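All values derive from a computational prediction rather than experimental measurement. Heavy atoms only: backbone and side chains are in, while hydrogens, waters and symmetry mates are out.
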Amino acid sequence: MNNKFEVEFKKDFYSDHYDRQQFRLMDVIPKPICLNCPHCQVYSVMNVDRKVERFEKDIENGISFQDKNLIFDFICSCLQCNKTVFVQAQAHGNAVDPDYQVTDEPFYPGYPATDEPLKDEPLKEVSSGKILSIYPYRENITVPSEVPDEYASDFREAVLVMPLSSTASVMLSRRILQNILRNEFQIENDNLKEAIKIFIKKPNIPSEITGVIDYIRQIGNFAAHPNKDQNTGKVLPVEPDEAKWLIELLERLFDFKFIAPKRNEERENKLKAKLKTPNQPQAANQPQAANQPQTPNKPKAPNKPPTK
């Protein structure tokens, strides 16, 4: 079945300085997304976990419809397999046109009226859109088996989606970071910036981790945090290369918290097992088998008398 994406347009009218009724587009609301899941290959409605609008909203003037680049980034989860899917979609550009009133009047005083009235091309309330990209690709991102699945799954998606949307990648990475700080280091603060401050002060954290995470804390625009840090759902632009820094930070955290301790434990267990194993007896000290006949000792020859 074909992928499906639709949007609903919210429009409004206002009077300008010449008491003419003007159109403005107030909101573009995505409707449910239907597509073939790249994981389980089942055609399904996607559950939208997070949405990023790649266009500006103005409370007074509404959304600019002239550039027609009404693009969305979605982080979704499949209702069948519950795995993460990234979708980039665009509202149908041809539908985003203002409602003109048919009139013979001049546009403003002193401006001559046109011979032909302006055409009325109404904006549909619901319009089809276009799905531009679906991630993940058919590509495998290897995560060490020591990393728990709850972090490994989102980490793969953050890496896969980074070439298309650094914003979406940062959002996924920040969610992983927040969960690691809460679940593995018992930092319950929902404000990610404050949680990082607490983490840095903990003992025995390598400087190579505290340095990177503190830098991210300073430059990160945390209004884009998926847990709605600072009580806002507004998604702001991320800093250049922030997605790469977060991926590198998570790799170091994985190694520090999961990979290195697990492998050290395995080495210690092997060493303990080796020390418990008794040494094998030497071959010269081994007794003869019971069913093996013993060879009698030959009597020694008597000493010969010295020759005169």
Side-chain angles (χ1 to χ4, degrees), residues 49-50 52 54 73 75 84 86 135-136 139-268:
D49 302 321
R50 191 67 180 171
V52 178
R54 291 184 167 272
D73 292 341
I75 298 176
T84 303
F86 174 82
Y135 279 73
E139 179 182 350
N140 292 323
I141 301 298
T142 302
V143 181
S145 59
E146 293 85 356
V147 179
D149 290 339
E150 59 183 303
Y151 309 128
S153 177
D154 279 351
F155 180 77
R156 292 188 189 95
E157 303 305 329
V159 175
L160 285 169
V161 81
M162 187 166 53
L164 180 63
S165 173
S166 58
T167 300
S169 179
V170 166
M171 290 164 58
L172 284 166
S173 295
R174 286 178 179 174
R175 182 167 72 183
I176 301 169
L177 178 58
Q178 178 80 64
N179 290 335
I180 289 178
L181 295 182
R182 179 185 297 112
N183 300 335
E184 310 300 332
F185 295 94
Q186 292 72 52
I187 301 175
E188 299 293 338
N189 198 316
D190 288 334
N191 185 306
L192 183 54
K193 181 173 284 189
E194 296 301 319
I196 290 175
K197 287 182 180 179
I198 298 172
F199 173 77
I200 292 173
K201 295 178 181 179
K202 282 185 169 289
N204 302 323
I205 305 295
S207 59
E208 62 182 21
I209 293 178
T210 57
V212 175
I213 197 171
D214 189 47
Y215 183 67
I216 289 173
R217 178 187 65 83
Q218 295 178 46
I219 60 96
N221 196 336
F222 285 92
H225 180 244
N227 283 353
K228 297 184 179 181
D229 185 30
Q230 309 299 339
N231 297 317
T232 175
K234 187 177 181 181
V235 178
L236 301 176
V238 301
E239 292 296 320
D241 295 328
E242 186 179 352
K244 294 180 181 179
W245 295 332
L246 275 165
I247 293 296
E248 180 181 343
L249 169 65
L250 291 174
E251 288 176 336
R252 295 184 181 186
L253 272 176
F254 289 163
D255 184 72
F256 171 68
K257 188 63 183 178
F258 306 116
I259 301 171
K262 184 69 175 178
R263 294 181 180 176
N264 289 338
E265 181 184 358
E266 291 175 354
R267 282 194 291 267
E268 289 178 4

[X] side chain to [Y] backbone, donor-acceptor under 3.5 Å:
{"X": "Gln178", "Y": "Asn189", "value": "yes"}
{"X": "Asp214", "Y": "Thr210", "value": "no"}
{"X": "Arg252", "Y": "Glu208", "value": "yes"}

Rounded distance [0.5 Å steps], [atom1] in [X] versus [atom2] in [Y]:
{"X": "Thr84", "Y": "Leu160", "atom1": "OG1", "atom2": "CG", "answer": "10.5 Å"}
{"X": "Thr167", "Y": "Glu242", "atom1": "OG1", "atom2": "CD", "answer": "9.0 Å"}
{"X": "Leu181", "Y": "Ile198", "atom1": "CG", "atom2": "CD1", "answer": "9.0 Å"}
{"X": "Ile176", "Y": "Phe254", "atom1": "CD1", "atom2": "CZ", "answer": "5.5 Å"}
{"X": "Ile216", "Y": "Leu246", "atom1": "CD1", "atom2": "CG", "answer": "4.0 Å"}
{"X": "Glu248", "Y": "Ile209", "atom1": "CD", "atom2": "CD1", "answer": "10.5 Å"}

- Could you tell me whether Arg263 and Glu266 have a side-chain N and a carboxylate O separated by less than 4.0 Å? no
- Do Leu253 and Leu177 have side-chain heavy atoms sitting under 4.5 Å apart?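 Of all side-chain heavy-atom pairs linking Leu177 with Leu253, at least one is under 4.5 Å.
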- Item | Heavy-atom side-chain contact between Lys202 and Ile187 under 4.5 Å | yes
- Message: Does atom NZ (Lys262) have a neighbourhood of more than 12 heavy atoms from anything else shown, all under 6.0 Å?
- Response: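 No, the 6.0 Å shell around NZ holds no more than 12 heavy atoms from other groups.
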Considering all heavy atoms of both residues, which atom of [X] and which atom of [Y] are nearest to each other, and what is their separation?
{"X": "Met171", "Y": "Val52", "value": "SD-CG2, 3.5 Å"}
{"X": "Ile247", "Y": "Ser173", "value": "CD1-OG, 3.7 Å"}
{"X": "Ser169", "Y": "Ala158", "value": "OG-O, 2.7 Å"}
{"X": "Ser165", "Y": "Phe86", "value": "CB-CZ, 3.7 Å"}

- Item | Chi angles and distances behind the side-chain contact (heavy atoms from CB on, under 4.5 Å) call for Ile205, Ile200 | CA-CA 7 Å; Ile205 305 295; Ile200 292 173; over 6 Å; no
- Task: In sequence, state the C-alpha distance, the side-chain angles, and the governing distance for Asp190 and Arg182, and then conclude on side-chain contact (heavy atoms from CB on, under 4.5 Å).
- Result: CA-CA 9 Å; Asp190 288 334; Arg182 179 185 297 112; 3.0 Å; yes
Name each donor-acceptor pair under 3.5 Å that joins a side chain in residues 148-155 to protein atoms two or more places apart or in another chain, with its distance.
unit_1, atom_1, unit_2, atom_2, d
Tyr151, OH, Asn183, ND2, 3.4
Tyr151, OH, Glu184, OE2, 2.8
Asp154, OD1, Arg175, NH2, 3.1
Asp154, OD2, Arg175, NE, 3.2
Asp154, OD2, Arg175, NH2, 3.1

- Could you list the residues that satisfy ring-ring contact (aromatic ring centres under 6.0 Å, His included) with Phe185, not counting sequence neighbours?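 Per chain and number, Phe185 pairs via ring-ring contact (aromatic ring centres under 6.0 Å, His included) with Phe199.
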